[in-house]
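Written below as structure tokens is the structure these notes are about.
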Amino acid sequence: MSFREIKGKVIECLKNGNIEFEARREIHLKNLLSTGDISPFEVAALIGRASGDNHQVRPYHFDSSIDVHIITVMSAGVHWYIKWYFTDPTSVFISVHH
């Protein structure tokens, strides 16, 4: 899947509410989307700003057959870190923070 397809798929999930959150410690610091400190629309806008140079893919540490996507992007002078994977038709967000 190309970066353009990945980006489109995750933005579509955010717009349609097809999102879940991975349980983790310090969720209030590591996943601002799950706490409501940032909206799905705002995360979609951040991802929309990203280029392929801002994107990495790594195997999921619990299951190496799953690709974890990481985007780092600057917006209004703030460095954002967004990390998720797909479980069709859902995007599961691990981290959304700055």
Side-chain angles (χ1 to χ4, degrees):
M1 188 180 307
S2 72
F3 174 66
R4 179 179 230 168
E5 293 168 320
I6 291 164
K7 184 173 161 177
K9 185 175 178 178
V10 71
I11 289 172
E12 189 69 24
C13 286
L14 285 158
K15 288 181 178 178
N16 291 332
N18 292 334
I19 58 174
E20 294 179 7
F21 309 106
E22 187 165 286
R24 62 180 303 178
R25 285 178 275 154
E26 299 184 6
I27 195 83
H28 64 286
L29 299 174
K30 297 289 188 175
N31 199 333
L32 300 176
L33 179 60
S34 73
T35 62
D37 290 308
I38 187 169
S39 72
F41 177 78
E42 291 168 309
V43 174
L46 289 168
I47 292 171
R49 297 176 54 91
S51 70
D53 293 338
N54 304 113
H55 178 248
Q56 299 175 42
V57 180
R58 296 184 183 158
Y60 187 47
H61 60 277
F62 290 127
D63 181 348
S64 63
S65 70
I66 297 173
D67 289 335
V68 172
H69 301 275
I70 302 167
I71 288 179
T72 55
V73 65
M74 290 286 289
S75 178
V78 177
H79 181 258
W80 285 90
Y81 180 87
I82 304 166
K83 185 175 178 180
W84 80 95
Y85 57 91
F86 295 109
T87 58
D88 286 329
T90 305
S91 292
V92 180
F93 286 86
I94 301 168
S95 296
V96 177
H97 62 88
H98 53 86

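Treat the numbers as computed from the prediction; the structure is a model and nothing was measured.
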Roughly how far, to the nearest 0.5 Å, is the CG atom of Leu14 from the CD atom of Glu42?
11.5 Å
Say you draw a straight line from OG of Ser39 to CG of Leu33; how long is it, rounded to the nearest 0.5 Å?
8.0 Å
Please determine if Lys83 forms a cation-pi arrangement with Phe93, meaning its NZ or CZ atom is less than 6.0 Å from the six-membered ring centre and no more than 45° off the ring axis.
no
When rounded to the nearest 0.5 Å, the distance separating CG of Asn31 from CD1 of Ile38 is 10.0 Å
Are Ile94 and Tyr60 close enough that some pair of their side-chain heavy atoms sits under 4.5 Å apart?
yes
So which atom in Phe3 and which in Ala50 form the shortest heavy-atom distance, rounded to 0.1 Å?
CE2-O, 3.7 Å
OG1 on Thr87 to CD1 on Ile66, rounded to 0.5 Å
8.0 Å
Working to the nearest 0.5 angstrom, can you tell me the gap between Ile6 CD1 and Met1 CE?
6.0 Å
Side chains of Ser75 and Arg49 in contact at under 4.5 Å (non-hydrogen atoms):
yes
Rounded distance [0.5 Å steps], CD1 in Ile82 versus OG in Ser91:
11.5 Å
Does any part of the side chain of Trp80, heavy atoms only, come nearer than 4.5 Å to the side chain of Val43, both counted from C-beta?
no
Closest heavy-atom contact between Cys13 and Thr90?
SG-C, 4.2 Å
Side chains of His69 and Ile47, heavy atoms from C-beta outward: is any pair under 4.5 Å?
no
Is atom CZ of Phe41 surrounded by more than 12 heavy atoms (other residues, nucleotides or ligands) closer than 6.0 Å?
no
Hits for salt bridge (Lys or Arg N to Asp or Glu O under 4.0 Å) against Lys7, two or more places apart or cross-chain, chain-then-number order -> none
Using 30° and 60° as the class limits, which term best fits the ring planes of His97 and Tyr81: parallel, tilted or perpendicular?
tilted
Side-chain contact test, heavy atoms from C-beta onward, threshold under 4.5 Å: evaluate it for Met74 versus His79 and give yes or no.
yes
For the student: nearest non-hydrogen atoms of Val92 and Glu22, plus distance
CG1-N, 3.9 Å
Check whether Asn54 reaches the backbone of Ser51 with its side chain - one donor and one acceptor, N or O, closer than 3.5 Å.
yes
So which atom in Val57 and which in His55 form the shortest heavy-atom distance, rounded to 0.1 Å?
CG2-CE1, 3.2 Å
Any chance you could lay out the side chain to side chain contact (heavy atoms under 4.5 Å, CB included) test for Phe86 and Val10, step after step, and finish with the verdict?
CA-CA 8 Å; Phe86 295 109; Val10 71; 4.0 Å; yes
